[in-house]
Number of protein chains: 2
Amino acid sequence: MEPKIEEKLLLKNIKPTPMRQLVYRMLTQEETALSLSELESKFDKVDKATLYRTLKTFEAHQLIHSIDDGSGSIRYALCDEDCTCRPEQLHLHFVCKICQKTYCLKEKPIPQPDLLDGFTYESANFIVKGVCPSCQK
Amino acid sequence: MEPKIEEKLLLKNIKPTPMRQLVYRMLTQEETALSLSELESKFDKVDKATLYRTLKTFEAHQLIHSIDDGSGSIRYALCDEDCTCRPEQLHLHFVCKICQKTYCLKEKPIPQPDLLDGFTYESANFIVKGVCPSCQK
DNA sequence: ATTTCTTTGCAACTCGGTTGCATCCCAAAT
DNA sequence: ATTTGGGATGCAACCGAGTTGCAAAGAAAT
Ligand SMILES: [Mn+2]
Ligand SMILES: [Mn+2]
Ligand SMILES: [Zn+2]
Ligand SMILES: [Zn+2]
């Protein structure tokens, strides 16, 4: 399994340093999106700036995408293998009001919005808030 | 026209202090949503904390609504007279990539999202990015 | 007039994000 | 094998939006 991570990074033209492999593995273990500080707290000791730059690199190479979920901090989640982050590939994100977790709803594409004359569509961010399955009682 | 502003505030149960009337008038003169610091810079001299608390008061009384447009700062715009900020009344917001302005598209309601089983819908934020009419060449 | 509550102004603070810079690492060139 | 150059890392300092504490000013109630 070790060599796989290295390959995933190489596939997206990211030099697979130990640090990056570590961060990548951490992200694969999450079912919801993580913020910089949440990610930071999952390590015994890690430098925030390095982590920050690692995430920026991952994002620039479309290994992860960032989600502005209105929580005040940006969260990050892995992209699909074949994702190029084009407007048509964008999906919904769901924020649970109870557990505060942010879910990627990758099978729910963002609907093309019906705009007024003169407005052109280039991208969008659709955040849905409610209660997630684990928090339903 | 002066007495009108006072009435608008009273209608929403906000004590119409001079400061609040000033801020309200400023907001009525804007066609796009403003952030705290943008609003601040429209006054010769105003205290940021007072302005902040004024906006919070306005928002709590549903005179204005806040828009998290992904710019890093929250923007504010007047609500419609009869707005109660219920999920069904939410509308799209448009951010122009050129002029960075944020528009309320009040006649474009947010579509009810189709969610996976177990997720409940309570509210949403739908931000569309592109080029606005004034920036089309 | 006195008390009580709200609003305002100023300064200080928090926190997420970002940057400068020295050092480390590693691979290519010599 | 040694040198050298560019990217990666770690640490500290910085930034800006938002927020809070607190005292002064103002308004309303008694
Ligand atoms: Mn996602
Ligand atoms: Mn609006
Ligand atoms: Zn939940
Ligand atoms: Zn524009």
Side-chain angles (χ1 to χ4, degrees), chain A residues 5-6 8-10 12-27 33-61 63-77 95 100-102 125 127, chain B residues 5-6 9-10 12-26 33-61 63-77 95 100-102 125 127:
Chain A
I5 289 180
E6 204 172 326
K8 299 268 192 188
L9 297 181
L10 287 171
K12 300 270 187 170
N13 292 308
I14 300 166
K15 197 203 285 186
T17 68
M19 178 76 213
R20 287 170 179 171
Q21 295 186 41
L22 212 58
V23 173
Y24 180 83
R25 187 182 311 119
M26 198 61 91
L27 287 172
L34 290 186
S35 69
L36 173 59
S37 39
E38 285 168 345
L39 194 52
E40 191 184 1
S41 67
K42 295 209 169 274
F43 290 88
D44 279 346
K45 179 184 172 301
V46 76
D47 177 59
K48 188 176 51 143
T50 304
L51 207 44
Y52 169 76
R53 286 187 275 230
T54 299
L55 291 173
K56 285 294 182 188
T57 299
F58 283 5
E59 188 182 15
H61 289 75
L63 181 66
I64 63 176
H65 60 282
S66 63
I67 307 150
D68 190 338
D69 61 7
S71 66
S73 42
I74 308 292
R75 289 202 161 87
Y76 300 89
V95 180
Q100 315 292 341
K101 288 192 172 140
T102 295
N125 181 31
I127 302 292
Chain B
I5 289 181
E6 203 171 328
L9 297 180
L10 287 170
K12 300 270 186 168
N13 291 309
I14 300 166
K15 197 204 287 186
T17 68
M19 177 77 212
R20 287 169 179 171
Q21 295 187 41
L22 212 55
V23 173
Y24 179 84
R25 187 183 311 121
M26 197 62 89
L34 290 186
S35 69
L36 173 59
S37 39
E38 285 168 345
L39 194 52
E40 191 183 0
S41 67
K42 294 209 170 273
F43 291 88
D44 278 345
K45 180 183 171 301
V46 76
D47 177 59
K48 187 175 52 143
T50 303
L51 207 43
Y52 169 76
R53 286 187 275 232
T54 299
L55 291 173
K56 285 292 183 189
T57 299
F58 283 6
E59 187 182 15
H61 289 75
L63 181 65
I64 63 176
H65 60 283
S66 62
I67 307 151
D68 189 338
D69 61 8
S71 67
S73 42
I74 308 291
R75 289 202 161 87
Y76 300 88
V95 180
Q100 315 293 340
K101 288 193 171 139
T102 295
N125 183 29
I127 302 291

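What you see is a predicted model; the values in this text were computed from it and never measured. Naming convention: chains lettered A, B, ... in sequence-line order (proteins, then strands); numbering from 1 in each chain. Computed from heavy atoms alone, side chains included, the values below leave out hydrogens, waters and symmetry copies.
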Just do the side-chain contact (heavy atoms from CB on, under 4.5 Å) check on A:Phe43 and A:Leu22 with the steps written out, would you?
-> CA-CA 10 Å; A:Phe43 290 88; A:Leu22 212 58; 3.8 Å; yes
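- Looking at every heavy atom in both residues, B:Asp68 comes nearest to A:Gly70 through OD2-CA, 3.2 Å.
- A:Leu9 places its CG atom 16 Å from the C1' atom of D:dG7, with the value rounded to the nearest Å.
- In this structure, the separation between CG on A:Leu27 and CD1 on A:Ile64 is 6.0 Å, given to the nearest 0.5 Å.
- Taking atom CG on B:Leu36 and atom P on D:dT20, their separation rounds to 14 Å, with Å as the unit.
- For B:Ser37, whose side chain is taken as the heavy atoms from C-beta onward, the closest listed nucleotide among C:dT7, C:dG17, D:dA17 is D:dA17.
- Contacts between residues 39-49 of chain B and DNA chain C, defined by a heavy-atom separation below 4.0 Å, involve B:Lys45, B:Asp47, B:Ala49, listed by number.
- The two residues B:Pro16 and B:Leu10 come nearest to each other via the heavy atoms CD-CD2, 3.7 Å.
- Per the geometry, CD1 belonging to B:Ile74 stands 18 Å off P belonging to C:dC15, to the nearest Å.
- In terms of position along DNA chain D, the nucleotide closest to B:Arg75 lies nearer the 5' end than the nucleotide closest to the other residue of the pair B:Arg75 and B:Lys15.
- Between D:dT19 and B:Tyr52, a contact under 4.0 Å exists linking OP1 or OP2 to a side-chain N or O.
- Distance B:Tyr24 OH to C:dT7 C1': 21 Å, rounded to the nearest Å.
- Between B:Val23 and B:Phe58 the shortest side-chain heavy-atom distance falls below 4.5 Å.
- Atom CG of A:Leu51 and atom C1' of C:dG17 are 12 Å apart (whole Å).
- Look at CZ on B:Arg20: it is 16 Å from P on D:dG26, rounded to the nearest Å.
- Nucleic acid contact class of A:Arg53 (heavy atoms, under 4.0 Å, all strands): base.
- Contact annotation for B:Thr50: base contact, defined as any heavy-atom pair under 4.0 Å involving a base atom.
- Scored by the side-chain contact (heavy atoms from CB on, under 4.5 Å) test, A:Leu36 finds A:Lys48, A:Leu51, A:Tyr52, A:Leu55 as partners (sequence neighbours excluded).
- Atom-to-atom, CG of B:Leu55 to P of D:dT20 comes out at 15 Å; the value is rounded to the nearest Å.
- In this structure, A:Ile127 and A:Thr102 have side chains that are not in contact, with every pair of non-hydrogen atoms separated by 4.5 Å or more.
- No more than 12 heavy atoms of other residues, nucleotides or ligands sit less than 6.0 Å from atom NZ of A:Lys101.
- Each end of the helix from C:dA1-D:dT30 to C:dT30-D:dA1 gets its own axis from five base pairs, and the two axes differ in direction by 0°, given to 10 degrees.
- Of all the heavy atoms in B:Arg75 and B:Ser35, the pair that sits closest is CG-N, 3.8 Å.
- The separation between B:Tyr76 atom OH and D:dA17 atom C1' is 10 Å, rounded to whole Å.
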